2 protein chains.
Amino acid sequence: MKIDPTNPADLSAQIAKAIRDAIISGALPVDERLPSEAELAEQFNVSRPTVREALKRLAAQSLIRTQRGATGGAFVNRLRFEDAYGQQITTSTLLLSMNDVSFATACEARYALERACAPLSAQRRTADHLATMRAEAHRQSQPGLTDEAFCASDVAFHRALVDAAGNPVLSYQLAGAVEAMQPLMNMITFSARDRERIIMLHTAIADAIEAQDSAKADENLADLATYTQELAQDVIAKRNAARQAK
Amino acid sequence: MKIDPTNPADLSAQIAKAIRDAIISGALPVDERLPSEAELAEQFNVSRPTVREALKRLAAQSLIRTQRGATGGAFVNRLRFEDAYGQQITTSTLLLSMNDVSFATACEARYALERACAPLSAQRRTADHLATMRAEAHRQSQPGLTDEAFCASDVAFHRALVDAAGNPVLSYQLAGAVEAMQPLMNMITFSARDRERIIMLHTAIADAIEAQDSAKADENLADLATYTQELAQDVIAKRNAARQAK
DNA sequence: CAATTTTCATTTGTCAGACAATTAAACGTC
DNA sequence: GACGTTTAATTGTCTGACAAATGAAAATTG
């Protein structure tokens, strides 16, 4: 773990990279305690604030955790799926909003990935996952539900569908794709008829998953993808019409 | 943007969260300049080092960039796909290595997602993507190639396949799944016969994509998934045998 | 007046030293 | 031995300072 002392700028970034590489390579195993800030400062020949900035960079990526006190210090953190979910969702959401990714592109990606999970979900679904899907579908049918709540329930339904595949890596990857869509979905106003149609498809998907009928589930997911795209196109068309009317 | 002054610990984390939320909500648009560190310190009623630690946290997530000089400062960064790729790959790799995710689980997720891209790739592939796939398949057939180089070429082939779908969101999501597998793949020693089989499947996939035959591409990807799993199981079986022999 | 150079103010990057808060271990005390 | 107390180590924060970069304004020059 060494840094380039000839470039006196971005020292904290260099130090962070050195430690990060050590963690990724496995040189620093999980729960290993890093040297204290004072020791690191001495090793890298920098001041303690600079070391601290480097450690905060790593903390922001959940690579380390810190603890105060006599036996405290910075420890290599076991990156948990939950932590990774959060980062993945933040990154995905920003990526979509900052790069003018079209609804069509994001939607296509999401449903393509989700359909990849369906066969595994049909095969391995538990009563628990099915119950969640049914509960969310039922929640969606309740009158007086705001569009935002409807979307949130939609996300919950699809996450249950993905989780049913019983593959944490898939759940992790899909978390970003599904959750990042929510801000885009929230732009849509769902009429009673729209909701009815979506709930019907959700129910059909749950039925297919319960019956372990992977082809049927895929078919209904494809229909849902098409229908969602149509709804979005309507919104965009109406917006353009309103813009031209001005 | 406010913080809780009653909890005097983790001030930098609180400040980072406040600014991050402002960015995510859109209150701070891309390329907007944040107040100077001194001004932020005054606003939040903390010292400049504390503000700096918060800013470094955000910089670690590529949410801001900083520039020195008279008109310098911290600016809201447009999160580019490339930056997001890197973060995604780092996170995915660590997630697999730190949570004892089995080869089978990671492999299953990867090929499920990749097969989701195949239909789109078959539909939209350009000459450029096909050329890359062909070139990598050819590179894989060269004698004297190390296992590591073989794996790297394998990753390049599959990324070209994914990129051919022409959906940047898919490419982003898949980057993590494909690249994070590399350390696991590197554990496998590929015999000449193994390589021959894999190259044959790669060629068949490229053929199918070129012919826009989505079903054929899917079939060959499924075969490749099965074959990769078999190879890994051999490695694991041999390792267990060696362990028992001790 | 135009072009160029110089100066300067602003801002980030880094350093040094200090004190507060926390925590667990070492140490007495009963 | 059980239970407070002290103590040392460590992170969290603050103050003040200087260096380095950088663009803008001012001064200089042709």
Side-chain angles (χ1 to χ4, degrees), chain A residues 1-20 23 28 31-77, chain B residues 1-20 22-23 28 30-77:
Chain A
M1 275 204 307
K2 278 183 184 173
I3 59 174
D4 175 19
T6 61
N7 183 6
D10 282 328
L11 286 176
S12 73
Q14 289 179 47
I15 293 169
K17 183 177 189 317
I19 299 176
R20 177 164 41 237
I23 294 175
L28 291 172
D31 291 334
E32 178 89 348
R33 183 182 173 283
L34 297 180
S36 73
E37 294 174 355
E39 285 171 321
L40 285 173
E42 201 176 357
Q43 279 183 32
F44 287 113
N45 206 25
V46 297
S47 68
R48 193 159 85 92
T50 303
V51 167
R52 280 183 62 79
E53 287 178 9
L55 294 180
K56 293 312 168 196
R57 287 176 188 265
L58 300 175
Q61 295 180 299
S62 306
L63 292 183
I64 62 169
R65 60 178 186 278
T66 56
Q67 206 174 0
R68 285 214 269 198
T71 59
F75 298 83
V76 177
N77 199 27
Chain B
M1 274 202 312
K2 280 184 182 173
I3 58 174
D4 175 19
T6 61
N7 182 6
D10 281 327
L11 286 177
S12 72
Q14 289 179 47
I15 293 169
K17 184 176 188 314
I19 299 176
R20 179 164 40 238
I23 294 176
L28 292 172
V30 168
D31 292 334
E32 178 90 349
R33 182 180 174 280
L34 297 180
S36 73
E37 294 174 355
E39 285 171 321
L40 285 172
E42 200 177 356
Q43 279 183 31
F44 287 112
N45 206 23
V46 299
S47 68
R48 195 160 82 93
T50 302
V51 167
R52 281 183 62 80
E53 287 178 9
L55 293 180
K56 294 312 167 196
R57 293 176 117 109
L58 300 175
Q61 295 179 301
S62 306
L63 292 185
I64 61 169
R65 60 178 187 280
T66 56
Q67 206 176 359
R68 283 214 268 199
T71 58
F75 298 83
V76 176
N77 200 27

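Lettering of chains follows the sequences in order, A, B, ..., and the numbering in each one begins at 1. Remember, predicted model here, so these are calculated numbers, not experimental data.
- In this structure, CG of A:Leu11 is placed 12 Å from P of C:dA16, rounded to the nearest angstrom.
- Partner A:Ile19 forms a side chain to side chain contact (heavy atoms under 4.5 Å, CB included) with one of A:Leu63, A:Val51, A:Val76, A:Leu34 and no other, that one being A:Leu34.
- The C1' atoms of five pairs define one axis at each end of the helix from C:dC1-D:dG30 to C:dC30-D:dG1, and these two axes lie 20° apart (to 10°).
- D:dG12 atom C1' lies 16 Å from atom CG of A:Leu40, rounded to whole Å.
- Mapping B:Ser47 and B:Gln67 onto DNA chain D via the closest heavy atom, the residue that lands nearer the 5' end is B:Ser47.
- Side-chain atoms of B:Ser36 lie closest to C:dT12 of the nucleotides D:dC14, C:dT14, C:dT12.
- DNA chain C is contacted by B:Arg48, B:Arg52, B:Lys56 of residues 48-58 of chain B, taking any non-hydrogen atom closer than 4.0 Å.
- A salt bridge links B:Arg65 to B:Asp31: at least one charged side-chain nitrogen sits closer than 4.0 Å to a carboxylate oxygen.
- Applying side chain to side chain donor-acceptor pair (under 3.5 Å) to B:Glu53 and the options A:Arg57, A:Arg52, A:Lys56 leaves one that passes, A:Arg52.
- Of all nucleotides listed (D:dT13, C:dG13, C:dT14), C:dG13 comes nearest to the side chain of B:Glu37.
- Between B:Thr66 and C:dT11 there is no side-chain N or O to OP1 or OP2 distance below 4.0 Å.
- Residue-environment remark: CD (A:Glu42) stays at or below the threshold of 12 foreign heavy atoms within 6.0 Å.
- Atom CZ of A:Arg68 and atom P of C:dT22 are 5 Å apart (whole Å).
- In this structure, B:Val46 and B:Ile15 have side chains that are in contact, with non-hydrogen atoms separated by less than 4.5 Å.
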Expected string for nucleotides 5-10 of chain C under the B/S/- scheme (protein heavy atoms, under 4.0 Å, primed atoms plus P, OP1, OP2 as sugar-phosphate) is ----BB

